[in-house]
Every structure is written in structure tokens, then in C-alpha cells.
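The structure under discussion appears below in the form of C-alpha cells.
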2 protein chains.
Amino acid sequence: MDEGGNEAFATGDAEPFDGTGRRPITLADVAREARVGESTVSRVLRSHGSFSEKTRARVEAAVARLGYVPNRIAGTLASTGSRLIGIVIPSLTNIVFPDLLRGATAALEQEGFQSVIAVTDYDQDREEAVVGSLLSWRPAGLIVTGLEHNPGTRRRLAASGVRVAELLDTDGPGLDIVVGYSNRAAGEASARHLVGRGYRRIGYIGHDLTKDRRAAKRYAGFRDALRETGMGPAGEERVASPSSVEAGRQGLAALLERVPDLDAAYFSNDDMALGGYFHCLAHGIAVPGRLALFGYNGLDVGRLMPQPLATIRTPRVEAGATAARLLCTGSPATVVDLGFELIEGATA
Amino acid sequence: MDEGGNEAFATGDAEPFDGTGRRPITLADVAREARVGESTVSRVLRSHGSFSEKTRARVEAAVARLGYVPNRIAGTLASTGSRLIGIVIPSLTNIVFPDLLRGATAALEQEGFQSVIAVTDYDQDREEAVVGSLLSWRPAGLIVTGLEHNPGTRRRLAASGVRVAELLDTDGPGLDIVVGYSNRAAGEASARHLVGRGYRRIGYIGHDLTKDRRAAKRYAGFRDALRETGMGPAGEERVASPSSVEAGRQGLAALLERVPDLDAAYFSNDDMALGGYFHCLAHGIAVPGRLALFGYNGLDVGRLMPQPLATIRTPRVEAGATAARLLCTGSPATVVDLGFELIEGATA
DNA sequence: GTCCGTATTGGCAGCGCTGCCAATTCGGTG
DNA sequence: CACCGAATTGGCAGCGCTGCCAATACGGAC
């Protein structure tokens, strides 16, 4: 009607009219603006195939002039594989999973992939649901945590044919790619270390092991290694909540109540151990003279305690990065054991 | 072959053959299997439009038989709006951002949306890049952190017409939806609280404020409030690294070296304050008798220290959830100030 | 039994982009 | 100056799904 007389109507074929937020600009608009074919624009934008320098400049100028943003939804649908990787983690509360995410998203970005994340709250049924949800985005790959999945999840993964990387655990058979370390061995190493340092009344303070399978494996390794020495745990306390500083503090308090002559405490992770340390500080319990403390994960906070925490450092960021890289590069199925490092610290 | 005599081969008319990893199953396959039209399948799967109970059952049976997983890429392209929300955070190292993510993804999931996250490392140029990248997924909305963005980011956001929620800061003009609290007011409240408790030689220990704009605003509020009382900070220490327990410990050590008669330390956040607390423990500095400590964020760990940390609790999870909900429901532009809570603790 | 309004249903044209293939252009070569 | 292989380029058919609209079925009211 008025000037130019158009707007939403893509009437003839000559209505670029990017305007101030009307009809979204498409690749066809760019092609018209640059006076080249659509496929040429596509080639230039993806630096794929051949085109002259002059063409590249024309296309780039048109893109800039129109403020064109490619539509990856359309691009993904048209091409074979997507550039998405789904990441499934049990929790965002425990810093180890953001660490894993950090490694994965950094590597993914480098390879030109984007990540979609989902959280299960340590619930296998929720895992099945979010895996289904992620699969509907037709990702190039999926990163999941641990090796334990319910049958529905396994079936969906298998049926989808999507590559899968299972992280942070190598104690058991994997589906495809496995990147991590042995939680069982970590538990054993912790027990042996404590025994080697002369502790004899060693207790365990853990959280809800039915949900956190990797913590359960560490516990099993710890317990079995202790039994091999003929002693076994001097006492155990399982807090019915997820792991946290608070759970560690309460757990140690409760255990000491029941087993006053404990000389060492093995916690299911560093957060719990930090809670235990706070309990000791608050109650004047000398560490490690009266009670030794041992954690798991090797968090920064443990290193900076007045007495550095004895713990096991796990390569979480590296595991995320490695898994991402293997998925992006289409590695064959494999198991990568990144190992762990025992940190002697000063609390045990 | 065996019982029932079907399985993979829906021998219909032309090679359905889902088989074990062959041609992916599409909605058309389901329609053929259920002997209904494609649009009917679509309607049933989305519970949208009308169809008979008998049809629903037929379709659902076919879906189950074939193990069909809808392709959201195609669905999104065909329909108008996507069910994706992009989330841009500066870091995954500081637990406050996973907290924000937690609130947002939980609310998003409830509304049937999925989140795509990107990390900027506190770099505005990287923010511009990741915003561009997220926009190419044509999200229904974007959640970003803070109010400061470079011109390129603002231009892209405006041009895209996508709804935006800016989080964790209300000190300044927003683009669209703003959910958070005043960092400036938090800094002021901290300063007034310390002054009110009788401290007079109050120092500041912070991290790299050129990148972390919200921490800079807290500092400004803190400094200005102190100046109003006529005293101003007794000393300042800026660690050149991101905030961490280590930075707090080193920062306090350095500041005490220069200003030995400090009677209180205000940290840019709880992680830093925890580091400071560890320094005090390690060096026998009585808290708060000899030195008071004040943090920011209200992390769990602070509450569980032998002496609960004096700090300000911020509603991070709620901010994420609120922003997500406002975006999903298409709320008009608005500013939601969630406020904060001063926790007296025992360290100041 | 006929007719009409409503509940269901199917057909098909795109959504914006990529992959394939044919068409055109460009530089030498003989 | 005609000719040939390589480098560029454009056309167009889908990718799998949704939205629109026409077609059909159903269920009383007459």
C-alpha cells in the first residue's frame, strides 16, 4: 500500500524488506540480496564446497546488511546429522556435574557442537524420560552418567542408534563409549591408605546409596578392602538425604555417638567430609590426631582447608571433555580409564 | 517369525523395515501402521484437535509397536514457535549458576520446554557469540545473566525479536524481563550491618571486578555506604583471578599483611569468605573477636561452618524458575525484584 | 427416511536449508 | 581459435512434521 507496498506478503519475488522485525530473513533473502543462488550462500556460510573470493565477499556483505541469522533447525532437518549432543546428569547441586558439563561444553564448542542438558535427580525413571526427550532432538550423541540404566532407557538408546558415552564409572559393562575411572578401586585405595597409616577403627559416612550407584561402588570397594585386612568398618552411618555438607556433619555426629572410639572416618565425598571437618572443629576433635578424615573428589575447597583434606582427585572435567571429543570424532566403542589420584593431605 | 509374526517388518506396502537401525521411523510409518492419516497421528501425539478414543488407541499401539520417537527438529520447523529456551551463564565453576540453571530447567520442564545452555566465561564478546549461536536455534526465549551486554549482543537480541530475561541484577535498565535483586543494595546492607555491629576498620577482598559486573556493583554499594558513615574501606585487596576459596584465602592474607589492624572483612562472595575463614583458622585469628567476616550468596557451606557465616542469601533458584515461567507464559516486559535476606550468622 | 450441524479424518503445501546434479565459466592447450 | 578438464554456480527435490481446508462420518431433529 504505502511506500514499497508490502510487509508480510512475500508477493512477487522482490521484497527483501528485512525491516524492523517483520518476516524473518531467510537464506533465500540473502541469495537475492547478493544476487547468487541459494546453494552458493549455503556453501559460503558453511565454508564447504568451492566458491570464488569475490562471491564470498558478496555473500558476507549481504548477510551483514540484512542481519541474517541461519536457521539451524532447518539446516539440521535438511542435512543428515545434527550438531547437538545431549548431556544427562543426575544433579546440578553437587559441583562434580557442573565440572563434567564444563569439560564437555568446552570441547563441544571447539568441535562446533551445541549441548542440550537434562537433569535426572538420580532417578532412573526420570532418566528414561529425559533420554526420550533428548532423542527427539535427533542428537549426534548422548552423554550420560554412570553405567546403570533401566531397561527402557537401554532399549531407547539402542533403538535410536545414537552414539552414547557413559561417564564417571568403569565398573561394569558399557553400552558404547565409557570414560571414567573405577569407583570401586577408589574405595579400595582409600581403605588401604587409611589402614596403611595405622588407623584401625574406621567408620563410613555416606548418603543415599540406592540412588547414587557410584557412591555405592566406592563403599563396596572400601568395605571389601577393609574386610581383606580382617577388620571391616568399625561403624557406618547412612544419611537418608543427598550428599551435602550438612549431611556429612550430621552423619559424623551420629556415628561418633554410636561408635565413640572411631579413629578414622571415610566419607562418600568431599562435601560430606567438609561437613565432618566442621563438626570436628566445632567440637574440638583433633584432626587427624583423634580422628582422621578422608573424602572423595578432590574439590578445591578440600585443598584449602587449614589442613588439606585427604581425598581422591577425580578427573571430572577431563572425562567430560574426552567423552565429548570421542563422540564428535566418531570414535569406535571404547573404554577410557582416566584413573584417579590419591591426595594424602593432612587429615589422615 | 515367531509368536505374533511381525516385529520389525510391518510388511505393509513399501519397505517400512524399521529393523535394527535401518531407516528411521517417521510419522508416516506410524500412520501406515495404524491405518490412519498422518495428521491424525500428529493430533493424537500432541493431544491437540479432536479424535476418537478408538483412534487414539490405534495410534498409540502403532507408536509402541514401532518404537517411534517424534522428530522435534521437523516439528519445530513446521510449526511456528519452538519449545526451546536458551540459557546464557558466565560460569559453571561458581555454584550460583548451576543453582540458577536448576531453577530454570525445573520450571521449563514443567512447561514442556527444553533448555540449551551456553557459557561465556564472563566475557562479553563470547556472550555475543553464544547469543548468536543460540538464536540460530530459534528459541522461544533467552535467559541471560546480568544487564550489561555489548552493543552487538543488544543488536542481535533486538533484531531477533526473541523474548529475553535478564537475571540476578536489577541495578539498571533491562531489555525486556528482569528478575533478580539489587546487588548495590546488598553491598550497602552488608556495610551498614558491619558498621551497626561496631566494626570500624572494614576491608574488602574481591576478585576480578572488570568481568563480574554484579560483584562490582556490590562493591560500589559497600564502599558508598561506608563512605556515608564517614569512614570508607580501611583497605582493599583485589585478586586477579576468578572468585574461589583460594582467592579468598590469599586475598585476606595479603590484605592483613598491608592493613594489620583490620577488624572486619567483606568478601565478594561466600567462596571467598570461606577461604578467609580458613586463613583465620590456620593462623589462629579469632573470628569474630579479632576479625569479623562477611560474605555474599548464602551458600549451604556457610551455614554449616562451626560459626555460621554472616552473609546475604540470594534467591538464585527462584530467579531461574521465575524467569523461565515468565518467558514460557509470554508475560509482558517487567521487572521482578526478588530481594535478598541478610543472615547474621556468627562471624560478624 | 431426510436433512443439517458437529465431530473426525485425510490430503497436501510448505517451514528453511542442504545435497545432488546439471549448467556455466574459466584457463590453458594443441 | 576450437577444445577440454577443472572450478564455480544455480536449480530443485526433499528432510519429517504441522496447519489449513476439504471430505466424510455421526447423531439427532423433522
Side-chain angles (χ1 to χ4, degrees), chain A residues 8-10 13 16 18 23-59 62-63 66 68-84 112 135-140 160, chain B residues 16 18 22-59 62-63 66-84 112 135-140 160:
Chain A
F9 324 61
D13 48 356
D18 70 313
R23 177 169 66 73
I25 296 158
T26 69
L27 182 143
D29 296 325
V30 177
R32 209 174 304 128
E33 175 79 13
R35 301 184 182 291
V36 298
E38 295 186 26
S39 23
T40 301
V41 176
S42 177
R43 276 187 294 257
V44 170
L45 292 178
R46 289 177 299 148
S47 302
H48 176 273
S50 70
F51 45 81
S52 67
E53 191 45 51
K54 200 186 63 182
T55 303
R56 146 172 275 140
R58 282 254 293 282
V59 170
V63 165
L66 299 178
Y68 170 67
V69 177
N71 183 332
R72 286 205 209 176
I73 297 283
T76 302
L77 180 61
S79 60
T80 39
S82 85
R83 303 289 277 179
L84 277 179
L135 285 177
S136 74
W137 290 101
R138 297 292 185 272
S160 72
Chain B
D18 70 315
R22 290 309 310 270
R23 176 168 67 72
I25 296 161
T26 70
L27 182 141
D29 297 325
V30 177
R32 207 174 305 126
E33 175 79 13
R35 300 185 182 290
V36 298
E38 295 186 26
S39 22
T40 300
V41 176
S42 177
R43 276 187 293 257
V44 170
L45 291 179
R46 289 177 300 148
S47 303
H48 176 271
S50 68
F51 44 82
S52 67
E53 190 46 50
K54 199 186 65 181
T55 304
R56 146 173 274 139
R58 283 253 292 282
V59 169
V63 165
L66 298 178
Y68 170 67
V69 177
N71 183 332
R72 286 205 210 177
I73 297 283
T76 301
L77 180 61
S79 61
T80 40
S82 85
R83 304 289 277 179
L84 276 178
L135 284 176
S136 74
W137 290 101
R138 296 292 186 273
S160 72

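In the text below, chain A, chain B and the rest are named by the order of the sequence lines, each starting its count at 1.
- Residue A/R35 contributes atom CZ, which lies 16 Å from atom C1' of D/dT9 at whole-angstrom precision.
- As judged by a 4.0 angstrom heavy-atom cut-off over every strand, A/T76 is placed among residues making no nucleic acid contact.
- Between the C1' atom of C/dT18 and the CZ atom of A/R83 lies a distance of 14 Å, rounded to the nearest Å.
- The nearest whole Å value for the distance from the CD1 atom in B/I73 to the P atom in D/dC15 is 16 Å.
- Across all their heavy atoms, B/Y68 and B/T26 have their closest contact at CE1-C, 3.5 Å.
- Nearest approach of A/P24 to A/D29, heavy atoms of both residues: O-OD2, 3.8 Å.
- Atom CG in B/L45 sits roughly 16 Å away from atom C1' in D/dG19 (whole-Å rounding).
- Computed from coordinates, the B/R32 CZ to C/dT9 P distance equals 19 Å when rounded to whole Å.
- Distance, A/N71 CG to C/dG16 P: 7 Å, rounded to whole Å.
- Candidate nucleotides C/dG19, D/dG16, D/dT18 were compared by shortest atom distance to the side chain of A/H48, and C/dG19 ranks first.
- Nucleotide C/dG16 holds its P atom 17 Å from the CZ atom of A/R46, rounded to whole Å.
- At the heavy-atom level, A/S39 lies under 4.0 Å from base atoms of the strands shown.
- Nearest nucleotide to the B/S42 side chain, out of C/dT9, D/dT18, C/dC17: D/dT18.
- Phosphate contact (OP1/OP2 of C/dC15, side-chain N/O of A/R72, threshold under 4.0 Å): absent.
- When the C1' atom of D/dC26 is taken as reference, atom CZ of B/F51 falls 18 Å away, rounded to whole Å.
- For the OP1/OP2 pair of C/dG10 and a distance below 4.0 Å, the side-chain nitrogens and oxygens of B/T40 include at least one atom meeting the criterion.
- Considering all non-hydrogen atoms of both residues, A/I25 and B/R138 come closest at O-NH2, 4.4 Å.
- Relative to the side chain of A/E38, the nucleotides D/dT18, C/dC15, C/dC17 differ in distance, and C/dC17 lies closest.
- Taking both residues in full, the closest heavy atoms of B/V59 and B/A34 are given as CA-CB, 4.1 Å, listed atom of the first, atom of the second, then distance.
- Here A/R43 lies in heavy-atom contact (under 4.0 Å) with a base.
- Judged by closest nucleotide on DNA chain C, B/E53 is the one of B/E53 and B/R138 placed further toward the 5' end.
- Using a 4.0 Å heavy-atom cutoff across all strands shown, A/S50 reaches at least one base atom of the nucleic acid.
- Distances shown here put every side-chain N or O of A/R58 at or beyond 4.0 Å from the OP1 or OP2 atom of D/dT8.
- Across all non-hydrogen atoms, the minimal contact from A/S52 to A/T55 is OG-OG1, 2.8 Å.
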